[in-house]
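The block underneath contains the structure these notes are about, expressed in structure tokens.
In this chain, numbering begins with 1 at the start of the sequence shown. What you see below is based on every heavy atom in this structure, not just the backbone, and it leaves out hydrogens, waters and symmetry mates.
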Amino acid sequence: MSTLEQIREGFGHALDTLSRGWQQLRERAGSALTRFHPSSAEGPVESVEAGVARNAARWGVLASEVRETDDALIIGLEIPGMESKDFEIQVVDDHLVVSGEKHLEREQARGRFYVMERAYGRFERMVPLPVPVDPQGARARYHNGVLTVTLPKNLRALGRRIPVQGA
């Protein structure tokens, strides 16, 4: 095999590996990828924070986990850098919808950013719910950057399992 053929084969293998990696990332984290919409500046003079937030990343990963117990669904959502008052949570059809606004807060007014990978602004994240829930009994807690929502199952919608007894 010639050197050129080896390079072509190696390049083809590298592209195939890269393609598979992106496909796996999209499959595993595709729903966690969340769009952030920068807030519009208020008033005639834009603040430094608003300018920085407008130029920040427009996408962020808000990873979730959905766990089921006998009587509830427990959804954990990683959303660091917020306050508990900044969330709006609702159940719409068979999805938990979490929205809010992540604000940029700078501790120092001087200096400049060289890397801005964190996303700021309004967002909405929808998490599919695998079983019917009763939103009336929902509870939410925000601690250490993780929003935890506990939704009791709607036992009427789940039906009732009827055990079969032997003769």
Which heavy atom of Ala138 sits nearest to which heavy atom of Pro152, and what is that distance?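 So the two residues come closest at N-CD, 3.9 Å.
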Which pairs with one or both residues in [range] pass ring pair (Phe, Tyr, Trp, His ring centres under 6.0 Å), sequence neighbours excluded?
range            : answer
residues 64-86   : none
residues 61-81   : none
residues 124-155 : Phe87-Tyr142

Side-chain H-bond candidate by donor/acceptor type, Asp71 with Thr69, under 3.5 Å: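 Thr69 and Asp71 do have a side-chain donor-acceptor pair below 3.5 Å.
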Test log, rule side chain to side chain contact (heavy atoms under 4.5 Å, CB included), inputs His95 and Val91: CA-CA 6 Å; His95 286 80; Val91 174; over 6 Å; no
Assess the residue pair Arg125 and Ser99 against the criterion (side chain to side chain donor-acceptor pair (under 3.5 Å)); give the C-alpha distance rounded to whole Å, side-chain angles, the decisive distance to 0.1 Å, and a yes or no. CA-CA 6 Å; Arg125 172 77 159 86; Ser99 57; over 6 Å; no
Could you check Arg122 against Glu88 for salt bridge (charged side-chain N to carboxylate O under 4.0 Å, His left out), going step by step and ending with a plain yes or no? CA-CA 11 Å; Arg122 292 218 40 89; Glu88 300 165 26; 3.6 Å; yes
Side-chain heavy-atom pair [X], [Y] within 4.5 angstrom cut-off:
X      : Y      : value
Ile79  : Val98  : yes
Asp134 : Leu151 : no
Leu73  : Thr150 : no

Audit row: Glu68, Lys153, side chain to side chain contact (heavy atoms under 4.5 Å, CB included) steps and yes/no: CA-CA 9 Å; Glu68 182 177 0; Lys153 290 181 184 177; 2.5 Å; yes
For Ile74 and Val66: C-alpha separation, side-chain torsions, deciding distance, then whether side chain to side chain contact (heavy atoms under 4.5 Å, CB included) applies. CA-CA 6 Å; Ile74 302 167; Val66 178; over 6 Å; no
Given the rule in the side chain to side chain contact (heavy atoms under 4.5 Å, CB included) test, do Leu77 and Val146 qualify, once you have shown the distances and angles that lead to the verdict? CA-CA 6 Å; Leu77 197 58; Val146 177; over 6 Å; no
Nearest 0.5 Å, please: how far is [atom2] in [Y] from [atom1] in [X]?
X      : Y      : atom1 : atom2 : value
Leu147 : Glu78  : CG    : CD    : 11.5 Å
Met82  : Phe123 : CE    : CZ    : 4.0 Å
Gln6   : Thr3   : CD    : OG1   : 5.5 Å

My understanding is that only one of Val149, Val97, Ile75 makes a side chain to side chain contact (heavy atoms under 4.5 Å, CB included) with Val127; could you say which?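 When Val149, Val97, Ile75 are each tested with Val127, the side chain to side chain contact (heavy atoms under 4.5 Å, CB included) holds only for Ile75.
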Neighbour count >12 (heavy atoms, 6.0 Å) for atom CG, Asp93: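 Counting neighbours around CG of Asp93, 12 or fewer heavy atoms of other residues, nucleotides or ligands fall under 6.0 Å, so no.
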